[in-house]
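Here is the structure we will look at.
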Amino acid sequence: MKQEVLVTGAFYGPSMEWLDREFTTHRLFEAKDRAKLLSDVGPRVRAIAGSGRSDQALIQSLPNLEIIANFGVGYDNVNAAAARARKVMVTNTPGVLNEAVADTTLSLILAIERRVVAADRYLRAGKWVANGNYPLTRHLGDLKVGILGLGRIGKDIAKRTLAFGMQVQYHSRTRQADVAFPYFPSVLELAKASNVLVCILPGGAGTRHIINEDVMKALGPTGTLVNVARGSVVDTEALIRCLKNGSLGAAAIDVYDKEPETPEALWPLENVVLTPHLGSATHSTRKKMGDLVVQNLLEHFAGRAVLTAVPECAGLRR
Ligand code: A2R
């Protein structure tokens with residue numbers, strides 16, 4: 001008999017088809033009446049899969065839930081503490097997206113520093129002919145890049161940053177003994193010493209608005225903020241203010257508080273590049289992430305250890 005899985009959000013198509021073959025699936029994200037679907041199938045559901053929210057209320061409404069297989073390395077959409085308290089395993093998709101997210105990050109650094117997007121707009125508006133050459137920009141090799149969160153993805157960003165001749169420095173809560181890059185004990189000090197500040201740390205309560213107005217001002221009028229982590233890590237109101245009044249030089253943003261909505265106040269600003277959460281969005285990366293979701297569920301229901309438990313659930317046994 002197939003196990004029943006509640007799917008909270010769509011993920012890579014072929015991986016979802018694999019999930020459909022292995023399990024009986026119920027698509028919560030397509031349900032017209034969520035409450036009815038949950039009351040109809042809730043008691044039979046043994047697993048959650050996908051990238052949607054798994055909050056305490058959803059977890060509590062599924063009495064036989066055993067595992068939440070999240071699509072994505074970040075799992076701030078899952079209440080892992082509530083899951084753990086119920087001995088519900090939570091898995092994520094670490095590692096397989098490092099390179100794609102690092103590639104996206106470098107494309108943002110290049111786009112904002114060399115003004116690729118603004119220059120494209122300049123040409124299309126006929127300004128090259130009318131006004132002459134586009135203004136000069138900064139040489140990448142002159143820049144110091146501060147990485148906030150030098151984890152799996154942060155290290156791949158560092159590798160690429162070095163290849164362009166930029167210098168790397170970092171802040172995280174723990175200094176890493178095996179890393180030679182300069183360490184700064186606070187995000188404020190890192191911002192002060194950097195031309196570009198890249199955020200690549202988990203979202204959630206612990207990092208909410210870690211990039212506040214003080215940090216933006218420390219980065220300064222010639223500083224650039226790049227956010228590829230989560231919208232919640234940046235105080236968006238302060239960001240808009242600082243970009244408009246010049247106390248922050250520029251920003252490249254891939255993640256937002258209420259995706260797919262984005263702050264319209266940012267749209268007209270020339271010193272901003274905005275992308276729609278492209279971080280891991282390549283075909284092969286999404287396949288690896290989607291397949292890892294299904295593999296974790298298969299391992300769990302075969303009675304074996306899951307492949308990628310989140311730290312809160314490491315060693316959890318039912
Ligand atoms: O603080 P540490 O030593 O645990 O280092 C982690 C750092 N980090 C923080 N840094 C400063 N303040 C914090 N409150 C804080 N919390 C965590 O972020 C570590 O260096 C890094 C996270 O690295 P990993 O766990 O290897 O995550 P990965 O795979 O690089 O992904 C990072 C995030 C995801 O959670 C998504 O939000 C996004 O990238 O896609």
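Remember, it's 1-based here, ligands and their atoms both numbered in the order they're listed. Since this is a predicted model, take the numbers as computed values, not measurements. All residue numbers in this chain count up from 1 along the given sequence.
- Taking any N or O of Val228, backbone or side chain, none lies under 3.5 Å from an N or O belonging to ligand 1.
- Under the 4.5 Å side-chain criterion, counting only non-hydrogen atoms from C-beta, Thr8 is not in contact with Arg53.
- Looking only at side-chain heavy atoms (C-beta outward), Met216 and Arg241 stay at 4.5 Å or farther from each other.
- Each of the atoms 20 (O) of ligand 1 lies under 4.0 Å from some heavy atom of Leu150.
- You'll find the side chain of Leu58 reaches within 4.5 Å of the side chain of Ile48, heavy atoms only.
- Atom 3 (O) of ligand 1 has its closest protein heavy atom at Thr174 OG1, 2.6 Å.
- Considering only non-hydrogen atoms, atom 30 (O) of ligand 1 lies nearest to Ile153 out of Val255, Val179, Ile153.
- The shortest contact between atom 36 (C) of ligand 1 and any protein heavy atom is with Gly74 CA, 3.8 Å.
- For Asn98, the side-chain contact (heavy atoms from CB on, under 4.5 Å) partners are Arg152, Ile153, Asp156, not counting sequence neighbours.
- Here the closest heavy-atom approach between residue Ile59 and residue Ala82 is recorded as CD1-CB, 4.2 Å.
- Listed for the His300 side chain is no donor-acceptor partner under 3.5 Å among the backbone atoms of Val306.
- Note: no N/O pair closer than 3.5 Å links Leu148 and ligand 1 by distance alone.
- Counting heavy atoms under 4.0 Å from ligand 1, residue Ala229 touches it through the backbone alone.
- Below 4.0 Å from some heavy atom of Pro202 lie the following atoms of ligand 1, by number and element: 17 (C), 18 (O), 22 (C), 35 (O), 37 (O).
- Close approach of ligand 1 to Gly149 is summarised as follows: ligand atoms under 4.0 Å from at least one heavy atom of the residue are 7 (C), 18 (O), 20 (O), 21 (C).
- A salt bridge links Glu4 with Arg44; the closest basic N to acidic carboxylate O contact falls under 4.0 Å.
- Counting heavy atoms under 4.0 Å from ligand 1, residue Thr207 touches it through the side chain alone.
- Residue, atom and distance of the protein heavy atom nearest to atom 23 (O) of ligand 1 are Gly151 CA, 3.3 Å.
- At least one side-chain heavy atom of Leu106 sits less than 4.5 Å from a side-chain heavy atom of Thr161.
- The single protein non-hydrogen atom nearest to atom 37 (O) of ligand 1 is Leu201 O, 3.5 Å, given as residue, atom name and distance.
- Nearest protein heavy-atom contact of atom 34 (C) of ligand 1 is Val73 CG1, 3.8 Å.
- For Gln3, the side-chain contact (heavy atoms from CB on, under 4.5 Å) partners two or more places apart in sequence, or in a different chain, are Phe23, Arg46, Phe301.
- For atom 39 (O) of ligand 1, the nearest protein heavy atom (residue, atom name, distance) is Ile200 CD1, 3.2 Å.
- Residue contacts with ligand 1 do not include Val101, since none of its heavy atoms lies under 4.0 Å from the ligand.
- Here the two rings, on Tyr170 and Tyr183, have centers that are under 6.0 Å apart.
- Residue Arg152 touches ligand 1 through backbone and side chain together, judged by heavy-atom distances below 4.0 Å.
- Any N or O atom pair closer than 3.5 Å counts here, and Arg173 shares at least one such pair with ligand 1.
- Side-chain contact between Val215 and Ile210 is absent, with no heavy-atom pair separated by less than 4.5 Å.
- Geometrically, ligand 1 and Gly154 share no nitrogen or oxygen pair separated by less than 3.5 Å.
- Protein heavy atom at the shortest distance from atom 10 (N) of ligand 1 is Ser172 CA, 3.5 Å.
- Within the model, atoms OG1 of Thr285 and CD of Glu99 stand 8.0 Å from one another, a figure rounded to the nearest 0.5 Å.
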